[in-house]
Amino acid sequence: SGGQRARARPMHEPRAGEDQGGNHERGYTKVFVSLDGTEQQDFVLARAIKVAANNGAKLIIGHVIDSTALESAGSYPVDLQRPEEAFKNSIAKQLEEAKANPDIPEVEVMIRAGRIRETLKDEMLDVVKPDLVLCGAAAVLDQVCAAGFDFDVLLRNTDCDILVVK
């Protein structure tokens, strides 16, 4: 047939209204990123900021203070201010960058205490109803092993795209 081969397009973050192939479809309007406090969270948050900006989407940053160990020990701190402040301090620079980005219309931080699986799903994802959820690969593995987080629960009970950042 002698026809020309289609040239592969370089991969880029989808912009509002287009998919990875540059085809125009519905863009993301609410991007939720689940952060766990590990070293990888900076990279995951940077990716979430980029995706939110490219889509002109609201960015919701979620963090669950895991209560599982405290519950099994029989104690639960009344004052959760210290872990909340530590988390906020760990993302402060990137949070300011996201808020200053003119392509991100709104940035919200959600911090809840509880069991990761139930809190993430019931108090965050079911409330926010995002178009896209981002989380780190190490966080998924750690939560599956340590905190009883069932990634399958996220896959089956979330009606949106999920991006696991490696």
Side-chain angles (χ1 to χ4, degrees), residues 13-14 26-99 101 104-166:
E13 298 295 329
R26 177 182 70 85
Y28 298 117
T29 59
K30 287 190 221 173
V31 174
F32 180 92
V33 59
S34 178
L35 300 179
D36 63 355
T38 63
E39 292 176 13
Q40 188 189 23
Q41 86 173 5
D42 291 344
F43 183 69
V44 175
L45 182 53
R47 177 64 58 92
I49 291 169
K50 184 176 181 180
V51 171
N54 284 346
N55 284 275
K58 176 180 179 178
L59 176 64
I60 303 101
I61 301 166
H63 176 67
V64 178
I65 299 168
D66 185 16
S67 67
T68 308
L70 299 169
E71 289 172 1
S72 63
S75 65
Y76 196 83
V78 176
D79 178 20
L80 291 171
Q81 192 170 3
R82 282 188 294 212
E84 278 191 37
E85 287 304 312
F87 174 73
K88 286 179 181 176
N89 289 338
S90 74
I91 65 166
K93 182 179 177 190
Q94 287 179 300
L95 182 59
E96 284 305 312
E97 290 172 10
K99 287 181 177 182
N101 189 319
I104 301 175
E106 186 179 348
V107 179
E108 179 182 347
V109 177
M110 296 179 79
I111 301 173
R112 303 286 185 271
R115 294 180 179 187
I116 292 172
R117 179 183 354 185
E118 292 87 0
T119 306
L120 181 63
K121 184 190 174 309
D122 298 340
E123 296 183 32
M124 294 182 168
L125 297 174
D126 287 353
V127 172
V128 171
K129 299 187 185 326
D131 303 306
L132 176 67
V133 174
L134 285 89
C135 58
V140 169
L141 293 175
D142 287 346
Q143 290 170 358
V144 166
C145 297
F149 179 82
D150 187 352
F151 189 67
D152 199 46
V153 169
L154 184 61
L155 286 172
R156 293 179 192 272
N157 296 304
T158 306
D159 294 329
C160 68
D161 294 342
I162 300 169
L163 175 62
V164 178
V165 180
K166 292 171 105 179

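The structure displayed is predicted, hence computed values, not measured ones. Keep in mind that the numbers below use all heavy atoms, side chains included, and drop hydrogens, waters and symmetry copies.
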May I ask you to test the [X]-[Y] pair for a side-chain heavy-atom distance under 4.5 Å?
| X | Y | answer |
| --- | --- | --- |
| E108 | V128 | no |
| C135 | V164 | yes |
| Q94 | I61 | no |
| V31 | N55 | no |

May I ask you to decide if [Y]'s main-chain N or O and [X]'s side chain share a donor-acceptor pair within less than 3.5 Å?
| X | Y | answer |
| --- | --- | --- |
| D161 | L132 | no |
| Q40 | V165 | yes |
| H63 | L35 | yes |
| K30 | I60 | no |

- Which residues satisfy the side chain to side chain donor-acceptor pair (under 3.5 Å) test with E96, sequence neighbours excluded? none
- Item | Residues forming a side-chain contact (heavy atoms from CB on, under 4.5 Å) with D122, sequence neighbours excluded | E118, D126
- Residue set satisfying side-chain contact (heavy atoms from CB on, under 4.5 Å) with K93, at least two apart, ordered chain then number -> E97
Closest contact, heavy atoms only, [X] versus [Y]:
| X | Y | value |
| --- | --- | --- |
| Q41 | F87 | OE1-CE1, 3.5 Å |
| V44 | G136 | CG2-CA, 3.6 Å |
| S34 | L120 | OG-CD1, 3.9 Å |
| I65 | P83 | CD1-CB, 3.8 Å |
| A57 | Y28 | CB-O, 3.3 Å |
| T119 | R112 | CG2-CB, 3.4 Å |

From [X] [atom1] over to [Y] [atom2], what is the distance, rounded to the nearest 0.5 angstrom?
| X | Y | atom1 | atom2 | value |
| --- | --- | --- | --- | --- |
| K88 | I111 | NZ | CD1 | 5.0 Å |
| I49 | N54 | CD1 | CG | 12.0 Å |
| M124 | I116 | CE | CD1 | 10.0 Å |
| L59 | F32 | CG | CZ | 10.0 Å |

